[in-house]
Protein chains: 2
Amino acid sequence: MSSSQSGASSPVRRGRRPGQPETRQVILDAARARFASDGYTATTIRKIAADAGVDAALVMQYFKSKDELFATVLSVPAHALMRMTDAWRGPEVGIGERVARAFLEVWENDPTASEPLLAMLRGAMSTEQAAAQLRDFIEDRLLIGVSAHLRGDDPDTRLRIGIASAMLVGIIVARSVVRVPTVANVSLESIVSATATALQPLLASE
Amino acid sequence: MSSSQSGASSPVRRGRRPGQPETRQVILDAARARFASDGYTATTIRKIAADAGVDAALVMQYFKSKDELFATVLSVPAHALMRMTDAWRGPEVGIGERVARAFLEVWENDPTASEPLLAMLRGAMSTEQAAAQLRDFIEDRLLIGVSAHLRGDDPDTRLRIGIASAMLVGIIVARSVVRVPTVANVSLESIVSATATALQPLLASE
DNA sequence: CCTAGATATCAACACGCGTTGATATGCTTC
DNA sequence: GAAGCATATCAACGCGTGTTGATATCTAGG
């Protein structure tokens with residue numbers, strides 16, 4: 001898919017294309033998908049350009065550098081963020097399942113959120129820039145935005161929230177990145193159920 | 001550190017160096033450290049060679065290619081493997097803490113094991129080769145070698161073991177890769193304790 | 001229509017990469 | 001001490017990368 005011109009006579013269309021251009025968005029979508037599936041270093045401007053059916057130089061014209069393009073890709077939609085933080089408030093009964101379900105459904109079923117998140121996660125393994133981004137995302141967006149909801153924010157509570165988040169990230173790694181069969185070839189519902197069993201005693205008062 | 005010759009007259013020593021050479025091991029150690037801390041793609045033969053105080057071509061002479069060197073680096077010492085699988089056998093009382101402690105201590109306190117493991121984990125994010133290696137490691141070494149110890153090996157049991165392993169990997173990611181402050185700036189003992197709280201109901205009969 | 005600017009491609013750059021073949025030096029054996 | 005092998009460096013290759021400046025084409029405004 002994503003080939004370029006159809007059946008005209010000239011070899012390659014050179015200048016501006018007719019119609020109102022949506023090229024910037026097309027490039028951004030291609031970049032998001034590439035960064036999410038291949039990681040930062042393995043993703044090249046030329047591959048993104050090819051996916052978008054566009055010259056590599058045009059990518060540089062819209063986004064000044066690969067780094068800036070990557071940074072743009074990493075923005076997570078607000079609705080997904082809210083979904084993940086809101087799950088922590090509410091009664092302690094069932095908090096394990098609520099959190100597990102919200103988190104995993106966002107990471108697995110919502111492409112507009114999971115692609116930036118996966119790009120961040122994959123990038124964090126190879127570039128310090130992405131690691132810092134993911135660090136701040138978990139520390140500032142999740143941990144701090146959440147610990148207020150959950151019986152104060154003593155250090156022990158924050159640690160438990162951090163551990164729970166880390167565990168959920170681990171499940172994403174196993175399912176979406178490493179694809180361990182035992183964990184990957186199973187319905188989300190089974191995963192949510194088992195994960196909830198583990199998170200519940202961590203997050204409820206003992 | 002790791003500069004080369006000291007104060008002689010000739011510009012660079014060219015041929016074989018005197019004494020019995022331990023160069024292969026020096027290169028391997030440098031490679032292990034680099035792959036563990038920078039990941040596969042960001043690690044270059046030239047950097048490894050510089051760390052080892054050696055020409056890049058020599059690295060290629062000992063290990064035929066970057067891939068082969070990487071594969072050599074990935075071998076996990078048997079004692080560490082045993083430590084991680086043995087923790088699952090024994091009484092159900094305290095199994096959460098036993099498993100968490102064994103796993104985390106190997107990954108954090110035993111450099112000869114944690115460097116290959118971290119290299120595998122980081123590499124899994126950017127190259128399918130390493131992902132496959134880590135997949136087989138978890139699936140074949142851990143899951144299968146372990147499910148026999150734990151009340152049969154029905155699918156549900158194997159899933160719980162898989163989830164527990166994934167969660168432990170998540171904690172390593174948070175502490176050693178992403179370095180989320182709330183989780184990273186805390187004693188291993190606190191982490192083991194909180195992790196055990198979560199793993200216990202997952203691994204013991206309910 | 002003509003000009004200005006936005007949108008697009010093209011050709012080339014300097015760089016770092018993995019890898020290779022030639023060559024130099026030290027060790028070991030006869 | 002000469003031969004032969006192991007150990008080491010050097011110089012270069014072809015390639016793919018991010019990035020840049022020149023140029024072509026289309027659209028909008030006077």
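Every chain is numbered from 1, with letters handed out A, B, ... down the list of sequences. Keep in mind that what you see is a predicted model, and the values were worked out from it rather than measured. Below, all heavy atoms of this structure are taken into account, side chains as well, without hydrogens, waters or symmetry copies.
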Note to self: Looking at B:Arg160 and B:Asp156, is there a salt bridge between them, counting it only when a charged N and a carboxylate O are closer than 4.0 Å?
What the structure shows: yes
Item checked: Below 4.0 Å: OP1/OP2 of D:dT7 and any side-chain N or O of B:Thr23 -> no
Item checked: Under 4.0 angstrom between A:Tyr62 side-chain N/O and C:dA8 OP1 or OP2 -> yes
Notebook entry, point to check: If you measure from the Lys or Arg side-chain nitrogens to the Asp or Glu carboxylate oxygens, is any gap between B:Glu139 and A:Arg179 under 4.0 Å?
Noted result: no
Note to self: Rounded to whole Å, how long is the line connecting atom CZ of B:Phe70 with atom P of C:dG18?
What the structure shows: 13 Å
Notebook entry, point to check: A:Phe63 CZ to C:dA8 P: how many Å, rounded?
Noted result: 12 Å
Check: In whole angstrom, what separates A:Leu58's CG from D:dA22's C1'?
Finding: 15 Å
Check: Do B:Glu97 and B:Ser193 have side-chain heavy atoms sitting under 4.5 Å apart?
Finding: no
Check: Between A:Glu108 and A:Ser114, does any side-chain donor sit less than 3.5 Å from a side-chain acceptor?
Finding: no
Item checked: Nucleotide of C:dT20, D:dT17, D:dA8 approaching A:Arg46 most closely (side-chain heavy atoms) -> D:dT17
Note to self: What is the distance, to the nearest angstrom, from the CG atom on B:Asp67 to the C1' atom on C:dC17?
What the structure shows: 14 Å
Next item on the list: Quickly work out the A:Gln129 CD to D:dG18 C1' distance and round it to whole Å.
Entry: 15 Å
Margin query: Expressed as a whole number of angstroms, how long is the span from A:Ile45:CD1 to D:dT17:P?
Written below: 10 Å
Next item on the list: Looking at every strand, decide which applies to A:Thr41 at a 4.0 Å heavy-atom threshold: base, sugar-phosphate, or nothing.
Entry: nothing
Next item on the list: Name the closest nucleotide to the A:Asp55 side chain, picking from D:dT19, C:dC10, C:dC17.
Entry: C:dC10
Item checked: Residue met sooner reading DNA chain D from 5', once A:Ser65 and B:Ala57 are mapped to nucleotides -> B:Ala57
Notebook entry, point to check: When you measure from the side chain of B:Met60, which nucleotide among C:dG21, C:dT19, C:dT9 comes out closest?
Noted result: C:dT19
Check: Rounding to a whole Å, what distance do you find between B:Gln61:CD and C:dG21:P?
Finding: 12 Å
Next item on the list: Measure from the side chain of A:Lys66, starting at C-beta and using heavy atoms only, and say which of C:dG18, D:dT19, C:dG21 lies closest.
Entry: D:dT19
Next item on the list: Please answer whether the main-chain N or O of A:Leu143 pairs with a side-chain N or O of A:Arg158 as donor and acceptor at a distance below 3.5 Å.
Entry: no
Check: Whole Å only: how far is the NZ atom of B:Lys47 from the C1' atom of C:dC15?
Finding: 14 Å
